[in-house]
Each structure stands twice: as C-alpha cells, then as structure tokens.
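The structure presented is a predicted model; accordingly, all values stated were derived computationally and were not measured.
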Amino acid sequence: MKTFKLVQRTAAAAGLLIALKMVDNLQPSDNELLGGMMLVVMCAIVLISDRISHDHHDGNGGANLQARPEA
C-alpha cells in the first residue's frame, strides 16, 4: 500500500510539472491551456484526497477527533 501511495504522489507531482511545461509557451494553443488546466485540477484532487485520506486514517480528521474512553 505504501508503494502505491508513493507512485500516486510521484505521478501527481510529475503531472503538475508537465502541466506547467504545457502552458509555459509564449502563446499556448487552446488545447494546451485546456489540457494544462485539466491536468492541474486532477493532480490537485489526487494530492488533496491523499492528504485527507492520510489524516482520516491517522485519526486526526473528521469524526475521529472525538475522545475515546479507555477500557
């Protein structure tokens, strides 16, 4: 599972770099702008959902903030 998360984060970071390269031209075409925006949005969703999932599984987010009584 840790290997999958590492691959997922690496792919998202690479996608952000590719998107920056696509829109870094002086006069990018409409397709390059659209593709760059879509790639940035998808990579951001992956990174944010990974962070939310990480917080949720560690007990730091959402409903897991409630104190649990000790048995």
Inset, instruction - Calculate, to the nearest 0.5 Å, the distance between atoms CG and CD1 belonging to D50 and I45 respectively. - result: 13.5 Å

Legend entry - Distance-minimising heavy-atom pair for G15 and L39: O-CD2, 3.2 Å

Inset, instruction - With rounding to the nearest 0.5 Å, note down the distance linking OG in S49 to CD in Q8. - result: 6.0 Å

Legend entry - Residues that L33 engages under side chain to side chain contact (heavy atoms under 4.5 Å, CB included), provided they are two or more places apart: V23, P28

Legend entry - Contact list for residues 32-48, test side chain to side chain donor-acceptor pair (under 3.5 Å), sequence neighbours left out: N25-E32

Inset, instruction - Compare every heavy atom of A19 with every heavy atom of G36, then report the nearest pair and how far apart it is. - result: O-CB, 3.7 Å

Legend entry - Spatial distance of atom CZ (R51) from atom CZ (R9) [nearest 0.5 Å]: 8.5 Å

